[in-house]
Protein chains: 2
Amino acid sequence: MQYVPLLSSSPRWKRRASARPEEILEAALDEFNERGFDAARMEDVARRAGLSKAGVYLYFPSKTALLQALIQAKVAPLAQQAEMIATAGLADPMGALRALAASVVMRMRDPKTFAVPRLVIGLSGRFPEIADYYREQTVARARGALEQLVKAAIAKGAMRNVDPAAVVRAFVGPLFFEAMWTHVLRGESALNAPEDMLASHFDILLNGLENRA
Amino acid sequence: MQYVPLLSSSPRWKRRASARPEEILEAALDEFNERGFDAARMEDVARRAGLSKAGVYLYFPSKTALLQALIQAKVAPLAQQAEMIATAGLADPMGALRALAASVVMRMRDPKTFAVPRLVIGLSGRFPEIADYYREQTVARARGALEQLVKAAIAKGAMRNVDPAAVVRAFVGPLFFEAMWTHVLRGESALNAPEDMLASHFDILLNGLENRA
DNA sequence: TGCATATAACTGACCAGTCAGTTATATGCA
DNA sequence: TGCATATAACTGACTGGTCAGTTATATGCA
């Protein structure tokens, strides 16, 4: 078929090779997040990124490859940040824990923060490699960083000698649970009052529930 | 094409209408859990349940209907149990919390326990009704039951006066988090030593982390 | 006989991935 | 500077395969 330009003054597309991959990943994240990986159409991802479907295949060889690239891109920064805050905070571990929790809560108010975890959870049955990758590159690293902080706190005498892994669970679990409730189950969220939530969280974590009056 | 019976002596099927729906649901749960809702094929669900694809459509009008029925079937019992344990335990709330935690941990060692939550998480974007249903019928009810227990404990003076919602988060979050780590991310699991895990959990929950020596 | 239960074979729609060809931009050369 | 040539970036249109759902037909049972 013959190509007929509508208006010679406005070009149909621009060449933007360097910006494309990131744009496509962003579009894919949104689309996968809204429809789920399988139900999402490459055509829609492409349109959202501002190019044609075939164009996407110039940058990513397959839908699965796009998924993997997406997770890789979104995964490393998170763990890195956790590790940085953790090592920087070894001098004042309790303060670092507080800062970390505050930062996590703030992040979690943004629905997009939960997009990748949600994808991983949904797809872990079919793509175990993705689950493994996410575990090692993100969650295990974050857990490790936190455990270092906890051990430092114990060594300094600022914290009782409790199993560090259990402390990490007690620290992260409630925040994770609330994020789930908010973004997946769309429930009324405590994340809307972050200060209150953080205060209660640390009150319980540090003082426990027992009535010592 | 003509249908030719292979062996006239062995009947191709038996009349088992009453058992079918449950069998199909069970098969669907397994199949959805392993491949994900979209990637799962009705043909496979049918085969697993021991009948043909068309046969499944005698009992469920569509794949989505099957999904909904599945979630409805698996959802009510859990919340009911939580509510029962909770109301039964109002006399001894702290004991009831301990019993509940133990029961949850034991349940969570079975990978299938996590199948429905995993499905809901993965599909919540595309089927908000399912997320809403699950929230109201399961999680909200369980949360409510727990809050009742917590309020009873506070009233009895067995627990400090802390925001009950925060207590529930601190109670459930770590268990949920560990289940996730185990079944979704396939990590080395603390659930394999349930007594240790429960002991640490309650130690932190009741006494807190602060060093009061 | 008649109805409920079942299936094999079929259909229609959808979509990941491909391909032949087009357009935007860069480069070489006068 | 202006024009030819090269090629990177891009697209519309197509294909092959898959699969949810349907239909025509067969079988067990009262």
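Here is how names work: the chains are called A, B, and so on, in the same order as the sequence lines, proteins then strands, and each is numbered from 1.
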Open item on the list: In this structure, how many angstroms lie between the C1' atom of C/dC15 and the CG atom of B/Asp38, rounded?
Closed with: 13 Å
Task: Proximal nucleotide (of C/dG17, C/dT7, C/dC19) relative to the A/Ser62 side chain - done: C/dG17
- [ ] Answer with base, sugar-phosphate or nothing: what part of the nucleic acid does B/Ala40 contact at a heavy-atom distance below 4.0 Å?
- [x] sugar-phosphate
Open item on the list: If only side-chain N and O atoms count, and only distance matters, is there a donor-acceptor pair under 3.5 Å linking A/Arg107 with A/Gln81?
Closed with: yes
Task: Interatomic distance, A/Leu58 CG vs C/dG17 P [rounded to whole Å] - done: 14 Å
Task: Nearest listed nucleotide, side chain of B/Arg41, among D/dA9, D/dC19, C/dT18 - done: D/dC19
Task: Polar side-chain contact B/Lys53-C/dA8 base: donor and acceptor under 3.5 Å - done: no
Open item on the list: What is the distance, to the nearest angstrom, from the CG atom on B/Leu66 to the C1' atom on D/dC19?
Closed with: 15 Å
Open item on the list: Rounded to whole Å, please give me the gap between CZ in B/Arg20 and C1' in C/dA4.
Closed with: 13 Å
TODO: Answer yes or no: does atom CD of B/Gln72 have more than 12 heavy-atom neighbours from other residues, nucleotides or ligands under 6.0 Å?
DONE: yes
Task: Nucleotide forming a Watson-Crick or wobble pair with D/dT15, both distances under 3.5 Å - done: C/dA16
Open item on the list: In this structure, how many angstroms lie between the P atom of C/dA13 and the CD atom of A/Glu43, rounded?
Closed with: 19 Å
- [ ] Please report, rounded to the nearest Å, how far the P atom of C/dC15 is from the CD atom of A/Glu31.
- [x] 12 Å
Open item on the list: Quick check on DNA chain C: between A/Thr64 and B/Ser52, whose nearest nucleotide comes earlier from the 5' end?
Closed with: B/Ser52
- [ ] Please test A/Asp44 against A/Lys53 for salt bridge (charged side-chain N to carboxylate O under 4.0 Å, His left out), starting from the C-alpha separation and ending with a verdict.
- [x] CA-CA 8 Å; A/Asp44 292 340; A/Lys53 182 165 70 144; over 6 Å; no
Task: Selection from D/dT11, C/dA6, C/dA16 that lies nearest to any side-chain heavy atom of A/Met42 - done: C/dA16
TODO: Select one nucleotide: of D/dT11, C/dA6, C/dG17, the one nearest the side-chain heavy atoms of B/Tyr59.
DONE: C/dA6
Task: Spacing of A/Arg35 atom CZ relative to C/dC15 atom C1', expressed in whole Å - done: 13 Å
Task: Residue B/Arg47 excluded, over 12 heavy atoms near CZ under 6.0 Å - done: no
Open item on the list: Tell me which nucleotide, if any, is Watson-Crick or G-U wobble paired with D/dA8 when both distances must be under 3.5 Å.
Closed with: C/dT23
- [ ] Answer with base, sugar-phosphate or nothing: what part of the nucleic acid does A/Leu51 contact at a heavy-atom distance below 4.0 Å?
- [x] sugar-phosphate
Open item on the list: In this structure, how many angstroms lie between the P atom of D/dT18 and the NZ atom of B/Lys63, rounded?
Closed with: 15 Å
Task: Nucleotide forming a Watson-Crick or wobble pair with D/dA30, both distances under 3.5 Å - done: C/dT1
Open item on the list: With no hydrogens and no angle check, just 3.5 Å: does a side-chain donor-acceptor pair link A/Arg169 and B/Ser200?
Closed with: no
TODO: Look at the side chain of A/Ala54 and decide which nucleotide, out of C/dA8, C/dG17, D/dT11, has an atom nearest to it.
DONE: D/dT11
